[in-house]
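Only this structure's heavy atoms are used, side chains among them; waters, hydrogens and symmetry mates stay out.
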Amino acid sequence: AMPAGLSVSQLIDESNDHDKSLAQRAASDNGFIDVSADEDGDQTLEGAPEDGGAKAAYMIARKAFTPVRGQDRRIYVVPILDETYIGKRAYELGSTTLRQHISGLYFDTYGEVLSSKEYGGIEDLLASDALRNPEVLKVETRSFRDAEGSVWIDLGQDDCGTVKITPDGWDVQEMPVSTSRAFVPSESVRAISLPVAAEGVPEAMGVLTSHLKPFVNVEDRDWPLVAGWMVNHLIAGNNSPILMLLGTNGSGKSTACNAINYAVEGGRSVPDSLEFSGKKDDVMVTLSKHKVAVFDNISKISEDLSDNLAQVVYGKTYQKRKLRTDDDLVDLYIKSSVIMNGISTGQLREDLKDRMVVLNLAGTVSQQTNIFDLKASQVEHHPQVYGALLTLVSAVMRVLRDENIPAPKSRARMDDYARVLGALDHLLGTESVTRYLETLDESAEDAQDDPLLLHSVALIRRQANYDEETQVWSGWLGTKELMDAYNSDNETWNARLSGVHMEALTARAVPERLTRVQAEWARLGVEIRMGEKKRTTINKRQQTAYPVYIQPKAAELVREARSRDFEKNGFQADSTSESL
């Protein structure tokens, strides 16, 4: 209890309750409270406005926060007084945290509860202030790269600590306060314990090999690709390919995926994989709530969802209708790193696989301790693992600054990832870029059972021109012929490709489908040049045709096409096909 007769300023100076101190300061400056002592010498706060608390609470809020518009057109408030103890992040107007804090300050001041109706009025006034404020706040979640190229990562802790990474090293700092840029709380940001530094790249790789690799059952030659994926994810602004881990039952797919997720994003405990419903809306909303999303046992993805996932790796704004409304839409900006696992990528679309790094797990995992012990071990060593990753990020940033690390020409869609691998190769003496390109070729081999490819090759072989010097076959692929062959009811084909659903091919869909598969077919040695199409007559039918070239590496594919039973479609053995 304070002695009677103190002024408000004296009471603030001597109070140990900083939240109440702030509330009293804000209210006193605006004439809303009168501090006096009761007969026992205890403090009582009187003078709450008779017409309601909205005005008083608004003035308290304006003393503590600056309202500002965000670049995403939402309204935020930025704390301007350390005594708020709400942290140095920006808070979206309407957020539960902000509402609770302002309501708490009001109760500390007046001993009364601020009603929801009154609080709604406060939000309108703060929004009005933000609209009059010429500043626009760039809001960030988890990480960003500043104008000098430094990477800042929000550790997600209550003390608002951040990691600042430069090419010269990293350290933990207090969260920067800026009128133009701020972190915002997000359910996608998990708390990360204070990281422990690793002294140099060799020690960092040693820590990862000791404390993380036992949970990631990949071959030694693929381990640098996993390390590179984690480093690339932590460099703000970089685009990360989808990490796809393939393996049979018992190979530790889920354990590996969740261990990698936990290594880069932390949390109070190791998270489990997310549910993959296959529905576009569900998956996209799930992605918007996670910096890293892990999905188990992926075998087939619809064309529509596949297109969206292929865009998410670069960042995508996804519009979704609000619940319980007829016309309101909400914009979800999604820039998530995605980890998947399964048995094969054969049924995935080619343009999605181009944005993947596909790794095969190394057989069945031997008997392990129970899952609780596995997760406890990962939590225990996470500060060392995360610190090792930060050391690698700094080293990679230094190499990318000082050395010319080009991305592979044309073959790899994910340039950021390829350049990070190049920097790691420079540091470690590995050949991870070469290995990455090999995985793209290996993934493309799944297309050898693609009905579209095999029908196309079978059509070309009927009338191909063969160049003995280059050993290249060339011919024109007719749109109508391809449609007829692909859509025909061929029992032999369906029996061989049991379980594969062949959607009908339309004239409008032919160029789109062929464009999508160009890159993957080229890796197999079947080159199709979409830009050189022409109208021509094939088998007495006018149609659009595309030139196709079958390179020597595709000889096996040609022989596979020859062995198919296409008699129902008029594919008779002839001298041309026999010569192939």
Side-chain angles (χ1 to χ4, degrees), residues 208 212-213 215-235 238-247 251-254 256-261 263-265 273 287 291-296 298-299 301 306 309-315 335-362 389 392-393 396 405 407-425 428 430-447 519-520 523:
L208 296 182
L212 181 58
K213 191 175 184 298
F215 304 105
V216 184
N217 182 31
V218 295
E219 297 179 7
D220 290 343
R221 63 174 180 168
D222 290 338
W223 177 235
L225 274 68
V226 176
W229 188 92
M230 293 187 290
V231 169
N232 189 70
H233 167 78
L234 290 174
I235 300 178
N238 276 16
N239 300 319
S240 292
I242 296 172
L243 180 60
M244 181 61 135
L245 302 183
L246 303 181
S251 58
K253 298 189 295 294
S254 297
C257 290
N258 292 326
I260 296 169
N261 178 12
V264 295
E265 284 299 311
S273 304
L287 289 173
K291 290 301 175 185
V292 176
V294 175
F295 298 114
D296 278 341
I298 304 302
S299 59
I301 299 175
S306 180
L309 288 174
Q311 296 169 33
V312 162
V313 297
Y314 304 117
K335 181 71 161 61
S336 301
S337 295
V338 181
I339 305 175
M340 295 179 172
N341 65 61
I343 297 176
S344 168
T345 61
Q347 298 307 305
L348 302 183
R349 292 179 66 149
E350 294 76 12
D351 51 349
L352 181 60
K353 286 194 285 185
D354 275 349
R355 293 162 175 83
M356 287 181 168
V357 52
V358 181
L359 304 178
N360 289 282
L361 297 185
L389 288 172
L392 288 178
V393 170
V396 165
I405 307 291
K409 293 183 179 179
S410 73
R411 295 183 65 192
R413 298 288 292 270
M414 308 306 298
D415 287 351
D416 291 335
Y417 176 65
R419 294 184 70 238
V420 165
L421 292 180
L424 283 177
D425 288 343
L428 303 173
T430 53
E431 297 182 353
S432 57
V433 173
T434 300
R435 176 60 187 147
Y436 173 43
L437 298 179
E438 289 176 356
T439 66
L440 292 175
D441 290 341
E442 291 169 2
S443 177
E445 291 176 1
D446 289 334
E520 190 165 43
R523 294 192 185 103

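When atom types are taken as modelled, the side chain of R523 and the backbone of D441 share no donor-acceptor pair closer than 3.5 angstrom.
In this model, a donor atom of one side chain and an acceptor atom of the other lie less than 3.5 Å apart for K335 and N239.
Pairing each heavy atom of E431 with each of D425, the nearest pair is N-OD1, 3.5 Å. Taking all atoms of both residues into account, the shortest heavy-atom contact from W229 to P241 is NE1-O, 2.7 Å.
R349 pairs by the side-chain hydrogen bond (donor to acceptor under 3.5 Å, both in side chains) definition with E303, not counting sequence neighbours. Take V358 and apply the side chain to side chain contact (heavy atoms under 4.5 Å, CB included) test, not counting sequence neighbours, and it matches M244, L246, T345, M356, S443. Applying the side chain to side chain contact (heavy atoms under 4.5 Å, CB included) rule to A256 yields the partners V216, L245; only residues at least two apart in sequence or on another chain are considered. Residues forming a side-chain hydrogen bond (donor to acceptor under 3.5 Å, both in side chains) with D296 (at least two apart in sequence, or on another chain): S254, S273, N341. Applying the side-chain hydrogen bond (donor to acceptor under 3.5 Å, both in side chains) criterion to K353, with sequence neighbours excluded, gives E520. The side-chain hydrogen bond (donor to acceptor under 3.5 Å, both in side chains) search around N232 returns N238, S240, not counting sequence neighbours.
Atom CD of E442 has more than 12 neighbouring heavy atoms from other residues, nucleotides or ligands inside a 6.0 Å radius.
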Q.
Could you go through Y417 and L225, starting from their C-alpha distance and side-chain angles, then the distance that decides it, and tell me whether this counts as side chain to side chain contact (heavy atoms under 4.5 Å, CB included)?
A. CA-CA 9 Å; Y417 176 65; L225 274 68; 3.4 Å; yes
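Taking the side chain as every heavy atom from C-beta outward, V294 and C257 approach each other to under 4.5 Å.
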